[in-house]
Engineer: 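One structure is given below, represented as structure tokens, and several questions about it will come after.
As the structure is a computational prediction, the values presented were derived from the model and not from experiment.
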Amino acid sequence: MTDLPDGWTLWNDEPEGRRILAFRPDVFNESAFPAECMPTVFVWNGSRANRPGATQIRTETWHAVLYLEPEIEAVVEEFDSREAAVDGATDIAGRFADGEIDYRSTYQVPREDYFEKLDELTGREP
């Protein structure tokens, strides 16, 4: 298993299936920064079609997606294999931890307190 970037934890790893990385679960467990705001990277090969139950349909394409909240996708990348998607997820996590991902642009309504906390955790200047 590849070492994860600082702040990231392996949250779930199903053999030949879904893998979830979580960023700073020690921080995103309070009312100010609830768990649903915890940045996560999901790896899976489910359909990305926008209809009920679509994610349960397996495809040949693997995805690594950085979520800032359940409906807020900051990065979406596709891969030909689970192994490549796992490596891609680790890369996404590293770019996030290094402050290279512009999470502000994914929001229509800014969440300044949340952005300030992410800036602090990733060492990024606002």
Engineer: Taking Thr90 for the side chain and Val86 for the main chain, is one N or O donor matched with an acceptor at less than 3.5 Å?
Structural biologist: yes
Engineer: Does Trp62 form a side chain to side chain contact (heavy atoms under 4.5 Å, CB included) with Glu78? I'd like the steps, not just the answer.
Structural biologist: CA-CA 6 Å; Trp62 285 84; Glu78 295 183 352; over 6 Å; no
Engineer: Mind checking what makes side chain to side chain contact (heavy atoms under 4.5 Å, CB included) contact with Asp26, not counting sequence neighbours?
Structural biologist: Arg24
Engineer: According to ring pair (Phe, Tyr, Trp, His ring centres under 6.0 Å), who are the partners of Tyr114, at least two apart in sequence or on a separate chain?
Structural biologist: none
Engineer: Looking at residues at least two apart in the chain, or sitting in another chain, which of them share a side chain to side chain contact (heavy atoms under 4.5 Å, CB included) with Glu71?
Structural biologist: none
Engineer: Measure the shortest side-chain to side-chain distance between Trp11 and Thr40 over non-hydrogen atoms and say whether it is less than 4.5 angstrom.
Structural biologist: no
Engineer: If you round to the nearest 0.5 Å, how far is CG of Asp3 from CG of Leu10?
Structural biologist: 12.0 Å
Engineer: Which value, rounded to the nearest 0.5 Å, describes the distance between Arg104 atom CZ and Leu118 atom CG?
Structural biologist: 8.0 Å
Engineer: Mind checking salt bridge (Lys or Arg N to Asp or Glu O under 4.0 Å) for Glu60 and listing every partner two or more places apart, or none if nothing turns up?
Structural biologist: none
Engineer: The test is side chain to side chain contact (heavy atoms under 4.5 Å, CB included); show your working for Asn45 and His63 and say whether it passes.
Structural biologist: CA-CA 6 Å; Asn45 66 331; His63 305 92; 5.6 Å; no
Engineer: Considering residues at least two apart in sequence or located in another chain, which fulfil the salt bridge (Lys or Arg N to Asp or Glu O under 4.0 Å) criterion with Asp6?
Structural biologist: none
Engineer: Quick one: salt bridge (Lys or Arg N to Asp or Glu O under 4.0 Å) partners of Asp113, sequence neighbours excluded?
Structural biologist: none
Engineer: What pairs with Glu120 under side-chain hydrogen bond (donor to acceptor under 3.5 Å, both in side chains), at least two apart in sequence or on another chain?
Structural biologist: Lys117
Engineer: Under the criterion side-chain hydrogen bond (donor to acceptor under 3.5 Å, both in side chains), I'd like the reasoning laid out for Glu36 against Tyr67: C-alpha separation, chi angles, the key distance, then a yes or no.
Structural biologist: CA-CA 10 Å; Glu36 59 268 14; Tyr67 288 96; over 6 Å; no
Engineer: Using the side chain to side chain contact (heavy atoms under 4.5 Å, CB included) definition, which of the options Ile72, Asp119, Leu66 pairs with Tyr103?
Structural biologist: Asp119
Engineer: Do Leu121 and Val27 come close enough that some side-chain heavy atom pair is under 4.5 Å?
Structural biologist: yes
Engineer: Got a sec, which residues hit side chain to side chain contact (heavy atoms under 4.5 Å, CB included) with Asp98, two or more places apart in sequence or on another chain?
Structural biologist: Glu100
Engineer: Could you list the residues that satisfy side chain to side chain contact (heavy atoms under 4.5 Å, CB included) with Ser81, not counting sequence neighbours?
Structural biologist: Glu83, Ala84
Engineer: Applying ring pair (Phe, Tyr, Trp, His ring centres under 6.0 Å), name anything that partners Phe79, two or more places apart in sequence or on another chain.
Structural biologist: none
Engineer: Partners of Phe33 by ring pair (Phe, Tyr, Trp, His ring centres under 6.0 Å), sequence neighbours excluded?
Structural biologist: none
Engineer: Quick one: do Asp13 and Arg82 satisfy salt bridge (charged side-chain N to carboxylate O under 4.0 Å, His left out)? Show the steps, please.
Structural biologist: CA-CA 11 Å; Asp13 193 23; Arg82 183 180 189 275; 2.5 Å; yes
Engineer: Taking the side chain as every heavy atom from C-beta outward, state whether Asp80 and Thr61 have any atom pair closer than 4.5 Å.
Structural biologist: no
Engineer: I'd like to check Phe96 versus Pro5 (side-chain heavy atoms, cut-off strictly below 4.5 Å). Are they in contact?
Structural biologist: no
Engineer: Please verify the inter-ring angle class for Trp8 with Phe23; under 30° counts as parallel, over 60° as perpendicular, anything in between as tilted.
Structural biologist: tilted
Engineer: Given side chains that start at C-beta, do those of Leu21 and Thr9 come closer than 4.5 Å, heavy atoms only?
Structural biologist: no
Engineer: Locate the shortest heavy-atom distance separating Ala74 from Thr106; write the atom from each residue and the value.
Structural biologist: CA-CG2, 3.5 Å
Engineer: Mind checking salt bridge (Lys or Arg N to Asp or Glu O under 4.0 Å) for Glu73 and listing every partner two or more places apart, or none if nothing turns up?
Structural biologist: Arg48
Engineer: Verify, without hydrogens or angle tests, whether Arg19 (side chain) and Phe42 (backbone) share a donor-acceptor contact under 3.5 angstrom.
Structural biologist: no
Engineer: Walk me through it: do Glu77 and Arg95 pass the test salt bridge (charged side-chain N to carboxylate O under 4.0 Å, His left out)?
Structural biologist: CA-CA 13 Å; Glu77 296 181 0; Arg95 293 184 346 239; 3.1 Å; yes
Engineer: Could you check whether any side-chain heavy atom of Val75 comes within less than 4.5 Å of a side-chain heavy atom of Val65, counting everything from C-beta outward?
Structural biologist: no
